[in-house]
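Below, chain A is the first sequence line, B the second, and so on; all start at residue 1. For clarity, every value in this text was computed on a predicted model and none was experimentally measured.
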There are 2 protein chains.
Amino acid sequence: MATIRDIAKAAGVSASSVSRVINNGPKVGEETRKKILAIIKEVGYTPNANAQAINDNQKLAVGIVMPNIQQPFFSAMAHGIEQVAGQLNAQIMLHSSEAHEQGEQEAIETLMEHRYQSMVVHSSVLDDEKLIRYAQTIPGFVLMNRHIEAISGQCVWLEDAEGGRLRAKFAFDYGHRKYAIFCSNRADIGAQCRFVMSKQWLIAKGIEEHDICTIIDSPTYQGGRRAVQDLVASGHSFTAILAHNDEMAIGAMSMLEAQGLSTPDDVSVIGYDDLNIAEFTQPQLTTVKYPIEAMAIVATQMALSLNKNQVQESQRKFHPSMVLRSSFCRL
Amino acid sequence: MATIRDIAKAAGVSASSVSRVINNGPKVGEETRKKILAIIKEVGYTPNANAQAINDNQKLAVGIVMPNIQQPFFSAMAHGIEQVAGQLNAQIMLHSSEAHEQGEQEAIETLMEHRYQSMVVHSSVLDDEKLIRYAQTIPGFVLMNRHIEAISGQCVWLEDAEGGRLRAKFAFDYGHRKYAIFCSNRADIGAQCRFVMSKQWLIAKGIEEHDICTIIDSPTYQGGRRAVQDLVASGHSFTAILAHNDEMAIGAMSMLEAQGLSTPDDVSVIGYDDLNIAEFTQPQLTTVKYPIEAMAIVATQMALSLNKNQVQESQRKFHPSMVLRSSFCRL
DNA sequence: TTGAAAGCGGTACCAG
DNA sequence: CTGGTACCGCTTTCAA
C-alpha cells in the first residue's frame, strides 16, 4: 500500500504537504496541490483511516450492539440508526451479540478498543452495574429499550409495563374473559415485563388465574405456531391471545388457521411491536405500537451529538399505543 | 485514555512487557504478568485497536455494503454474514448505501480507508468496470447477487434468469394464460432480469403481449398494494400475479383481499425470495427460493478466507427453485 | 507556502 | 525473561 511518503517522494514534496492536500488543508500552493492530487489518483492512494484515528480520536462513528439483526424489530432499529448515521456520514460498526460467543460484553469492549465514542446498545443480559459503568465511562453510550435510573439520561426506552396493561385492558374491554398469553423464552431482562403486567392487570379485574393460560416459547413465527399447538393441546379454553410480539402473533394466526380456527371469529389475536408487516397480514394485525425506529433515531442523535445532555426525558421515554386492526374483535 | 506506557510506568516495567502481556506473548515472567494485569484492571486500560491496526494490517473484519438493512431480504443476508463473522470473532462494518448520499462507491472507499481486506458487497448501481477494479485491488472483495465474468471467482450469485423462467413455466403449467407481472422500480442493474425472462418465456410459449400486464412499483408491501390497485384499475384481466419479490406478493394479496378478490381462488400469486415470513402468510406464499442466507455464508467465508481461490464455481453459483405453497393453484 | 521533526499508541527486533 | 529502540502512517507545530 502506498503511503503518504511515497506520494510525497513521487511528487517531489514533503509528506506534510500531502497531508494538507488530503485534508483540504488551507495553505497549499495551487501548483503543488494539483501535482499531488494527480499522483494520488495515478497511484490509487487511499489514506489509512487507522493511522488517522490514532491521532484524532474523534471519529464520527456509531457502534450498534443488538441480539440479532434478522428479527424485523431489530432491523427496524438498525434502520433508524442508519438514517441518522447516514446523514452525518458516520460509520456503523454492527455487533449481533447472539452470534458471538461472549456476546454483549465483548461487543461493547471491542467498540471501546476501537475508540468508538458513540454506541447504541440493546442489552438483554448484562446487569445494571456493568451498564452503569460503561455509561459513565463513555459519554456517547446510549442504552436502548431499557431504563436504568442511575443513568436515565443515557437511556431511551418504552414504558413496557404500560403496554402490558394497555393490551390487557383492551382485551378485557372487548369482552374477552379467557386468555392465552404467549411469553418469550429469551434470556432478556425485562422480557417478562409486558406479560407480568398484563396478567396482574387482569387478575386485579377479577379474572381467575386458570383463565389465563401462559405459554412460553421463542419470540418467532415458529414459536407462535408451537405455542398455539401447545395451547390447543393443553385443552384450555380461550378467546383471545396476547402474543409477546408480532412475529409470535403471526405464527399463531397461521397455526390457528391450520387447526381450523379462524382469526378473529374464533380467536382474537393481539401482537406487540407493530412491525411493518402487521398492516399486511390477513387478517391485519391488531397490535401494540413500539415506535422502535423513532426511538433509534433519538438514541443515535444522542449518541452522536455533543450536547447530549440537552435531550429532555419526554423525548427519551416513549409510550406504547394500541393499533386497531382486524385480528381482534368484540366477543 | 491510558496508554501502554502509562501502564508500564505504573508497573515499573517496560512498554514491551505490557505489550507482551496484552497479546498473551510467550515470554513474560509470572510475577510481571500478574502485576501488569492488576494495573491494567485497576486503571481500566483498553488497548487502542487503531494503533494496533496501523502495524498489523491483517484485521479480521468484514465490511458489508447493501442498499437497506430493513428489507427482510437484506437482513437475511446480513444475518448470514454475521454467523460466519461471529464464529471467527470478526468485526462487521455495515454500510447501507441507500442511506448515504454518495452510496455504494463511498461505502467501498471508506472500507478501503479502514484497510478492510474483506468485503461483501451487493452493488445495485456501480458499473462493471468499477467493480472489476475494486475486485482486482482487494483480494477479499466478494460481489453478491451479481455475476461479472471478468471477476467470476469473486462473485456469489443466483441464476436469476432461471428463476424468471421457472416461475413463468410454473404458472403456465398450472394452466394460467393471463398474467400480471410486478416489476421493481429500483435502480438495480439486473432487477429487470427475472421480469424479462418470464415475459420472454411466456411469449415464446405463444402468449400474447397484451395478456401480460406489467406493473412497475417499489419492491415493498406498499408497492404490492398499489400495483394491485393499478392493475385492477387498468381493466386487464388476469388469473396469476408474478411479483418481483415476496414483499410485493404479500402486499398484493393484502390488496386483493381488500378488493374482494381471494387468493388463490380468484387470483394466484407467486412471490420471489422465500423470506422467512412466506411460510406464515395466509394463504402461505408460493414463491421462488433465493437462498440468500446460504449465499451470504459462502460469500463471507470467501471474503475472510485466505485461500479464497479454492471455492468451486458450483459453490458460488446458486440456483433458484420453486417452493409450492397455497397461494397458487391450478386454473 | 513549504519542510523538518516530534509524537500519537503499539509492535517487534535485538541486546542484555 | 526484559528493556531499548526504531518504526508503522499520519498530523501538527514550528521554522524557514
Provide, to the nearest angstrom, the distance between the [atom1] atom belonging to [X] and the [atom2] atom belonging to [N].
| X | N | atom1 | atom2 | value |
| --- | --- | --- | --- | --- |
| A:Ile36 | C:dT1 | CD1 | C1' | 11 Å |
| A:His114 | C:dC8 | NE2 | P | 21 Å |
| B:Arg33 | D:dC1 | CZ | P | 10 Å |
| A:Asn50 | C:dT11 | CG | C1' | 15 Å |
| A:Ile54 | D:dC7 | CD1 | C1' | 12 Å |
| B:Gln52 | D:dG9 | CD | P | 16 Å |
| B:Asn48 | D:dC8 | CG | P | 18 Å |
| B:Ile7 | C:dG10 | CD1 | P | 9 Å |

Any side-chain N or O of [X] below 4.0 angstrom from OP1/OP2 of [N]?
| X | N | result |
| --- | --- | --- |
| B:Thr32 | D:dT2 | yes |
| A:Ser19 | D:dT11 | yes |
| A:Ser14 | C:dG3 | yes |
| B:Ser17 | D:dG3 | yes |

### Task
Find which nucleotide of DNA chain D each of B:Asn55 and B:Val13 is nearest to by heavy atoms, and output the residue with the more 5' nucleotide.
B:Val13
### Message
With nearest nucleotide decided by heavy atoms, which residue, B:Ala51 or B:Ser16, maps closer to the 5′ end of DNA chain D?
### Response
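In this pair, the answer is B:Ser16.
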### Any N/O donor-acceptor pair, B:Arg20 side-chain to C:dG10 base, under 3.5 Å
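No.
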### Message
With a sphere of 6.0 Å drawn around CD of A:Glu313, does it hold more than 12 non-hydrogen atoms of other residues, nucleotides or ligands?
### Response
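Enclosed: over 12 neighbouring heavy atoms sit under 6.0 Å from CD of A:Glu313.
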#### Entry: Crowding at NZ, B:Lys35 (>12 non-hydrogen neighbours, <6.0 Å)
no
### Message
Please verify the inter-ring angle class for A:Phe74 with A:His122; under 30° counts as parallel, over 60° as perpendicular, anything in between as tilted.
### Response
perpendicular
### Message
Can you tell me how the ring of A:Phe141 sits relative to the ring of A:Tyr134, calling it parallel under 30°, perpendicular over 60° and tilted otherwise?
### Response
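The arrangement is parallel - the two ring planes meet at less than 30°.
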### Task
Supply the atom-to-atom distance A:Thr46 OG1 to B:Glu109 CD, rounded to the nearest 0.5 angstrom.
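Answer rounded to 0.5 Å: 7.0 Å.
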### Query
C:dG9, D:dT2, D:dC10: which one has an atom nearest the side-chain heavy atoms of B:Val28?
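Looking only at heavy atoms from C-beta outward on B:Val28, the closest nucleotide is D:dT2.
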### Summary
Whichever of A:Gly12 and A:Arg115 has the more 5' nearest nucleotide on DNA chain C, that residue is A:Gly12
